Amino acid sequence: MKDRKLLMIPGPIEFTPEVLRAMGMPTTSHVAPNFIEAFGQALERLRQVFLCPSGQPFVVAGSGSLAMDMAAANLVEPGDKALVVNTGYFGDRFGDILERYGATVTYARAPAVGDAPALEDVEAALKGGAYKLMTITHVDTSTAVCADVKGLAALGRQYDTLVVVDGVCSVAGEEMRQEKWGIDLALTASQKAIGVPPGLALVVAGPRALDAFHERKAPVGSYYADWTQWLPVMEAYEARKPSYYGTPAVNLLWALNVSLGQILDEGMEARFARHRRLSDAFKAAVAALGMGQVPVSADKTATTLTAPYFPAGVDRSMLAHVKEAGVIVAGGLHPAIKAKYFRVGHMGVVSASDILATVGAIEYGLAQAGYEFEPGAGLSAAQAALLRR
Ligand SMILES: *Cc1c(COP(=O)(O)O)cnc(C)c1O
């Protein structure tokens, strides 16, 4: 294909031909029998992808930020206390959203950019806090830091706090077991590891989150995000009955159902393992090329993306050369280090050859930027890692 570029940013990602074909199907009524079937099936499949058999899925037209908004709007009542485990840009955003609905927000902050707050510090905050909920950004896309969701969620349970996970850059890539780990609400968006073009907010609420919603005294402060309206709609579609509140994004839902089917065909365990393997190979290449990474240690690093620092003497103008070589990667996002690093997403349908193509394009970019290194060093490290497993 002429002018074909490989899109290796942390969302939107590359999509499968089957998903893109579903986007192009004739748009039917939102109450047509074939659409009701697809929507119902997508809801059932979401429970499996989130590994939350007892969860209630919600699918609404919007981006990941709407999913965050929906969580806050339905769980927070004015005056509630919320703890935000903050590992970057999207932790700040969650705090802002919670405040908008009247929560008093406390941050458990990482000691430095690229780090995560220690479990002991989060526990100390939870102990005295009487928090109604805590939020965790599973993978903060601004730092590539992966939070210890399992450990943090266990603390949330221990201190009787609702556990809300922003999984926008993790669900269906990074290992996340919503029910087993005790996560009360997890959310994502279509365009990241779920593998569907942008436009769907996806939320799975567990029983404790739904109880908290049913027990609230104050009305929900958002008209569009209100579960009072959306819950009966989701229940109806899953029972294969027509329903309406706001018109569903018909074509995106077809695409979602196709992509969830592909994800489940691969299997969640195989999918987590593939993301780990490809991430390890890419990170080995980054190290072999003499670049550091934003996360302070390997155990705090995501498998859905990598955030390398530019080497000395190289700046973001290098990214244009990477693009000349056919691969699009993303610039920095975290305000404190924005100009010093870049981001490469490797989630969804990403393959070993995509990883090698990306490393090759980055080597081209580094060479164009005048950086001295042994050509092929990154490719060799990535290939060695791939061949080891
Ligand atoms: C992308 C992202 C968001 C925001 O999603 P939008 O679809 O851009 O609104 C929120 N949180 C995380 C962790 C993300 O990666």
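Small disclaimer: the values here were computed from a predicted structure and weren't measured. Ligands are counted one by one from 1 in listed order, and the atoms in each one are counted from 1 as well.
For atom 10 (C) of ligand 1, the closest heavy atom belonging to the protein is F90 CD2, 3.3 Å. At the shortest separation from atom 2 (C) of ligand 1 among protein heavy atoms lies K192 NZ, 2.6 Å. Nearest protein neighbour of atom 15 (O) of ligand 1, counting heavy atoms only, is T141 OG1, 2.2 Å. The nearest protein atom to atom 11 (N) of ligand 1, hydrogens excluded, is given as D166 OD2, 2.7 Å; this is a heavy-atom distance. The protein heavy atom nearest to atom 8 (O) of ligand 1 is Q191 NE2, 4.0 Å. The shortest contact between atom 5 (O) of ligand 1 and any protein heavy atom is with G64 CA, 3.5 Å.
Ion pairing between a basic and an acidic side chain is recognised when a charged N comes within 4.0 Å of a carboxylate O; D92 and R109 show such pairing. With respect to D160 and R208, a salt bridge is recorded, a charged nitrogen being found less than 4.0 Å from a carboxylate O. Salt bridge K180/E175: absent, no basic N to carboxylate O contact under 4.0 Å.
Listed by atom number, the atoms of ligand 1 under 4.0 Å from T137 heavy atoms are 13 (C). When each atom of ligand 1 is checked for a heavy atom of S65 under 4.0 Å away, the hits are 4 (C), 5 (O), 6 (P), 9 (O). Atoms of ligand 1 found under 4.0 Å from any heavy atom of M68 (numbered from 1 in listed order, with element): 10 (C). Atoms of ligand 1 lying under 4.0 Å from any heavy atom of S63, numbered from 1 in the order shown and given with element: 6 (P), 7 (O), 9 (O).
The closest side-chain heavy-atom distance from Y341 to M291 is not below 4.5 Å.
E14 contributes a side-chain N or O that, together with a main-chain N or O of L7, makes up a donor-acceptor pair within less than 3.5 Å. In this structure, the side chain of D354 engages the main chain of S351 through a donor-acceptor pair within 3.5 Å. Using a distance-only test at 3.5 Å, with no hydrogens or angles considered, a donor-acceptor pair links the side chain of W230 to the main chain of Y224.
The aromatic rings of Y244 and H30 sit tilted, their planes meeting at an angle between 30° and 60°.
With atom 13 (C) of ligand 1 as the reference point, the heavy atom nearest to it among L200, D69, V139 is part of V139.
Using a non-hydrogen distance threshold of 4.0 Å, D140 does not register as a contact of ligand 1.
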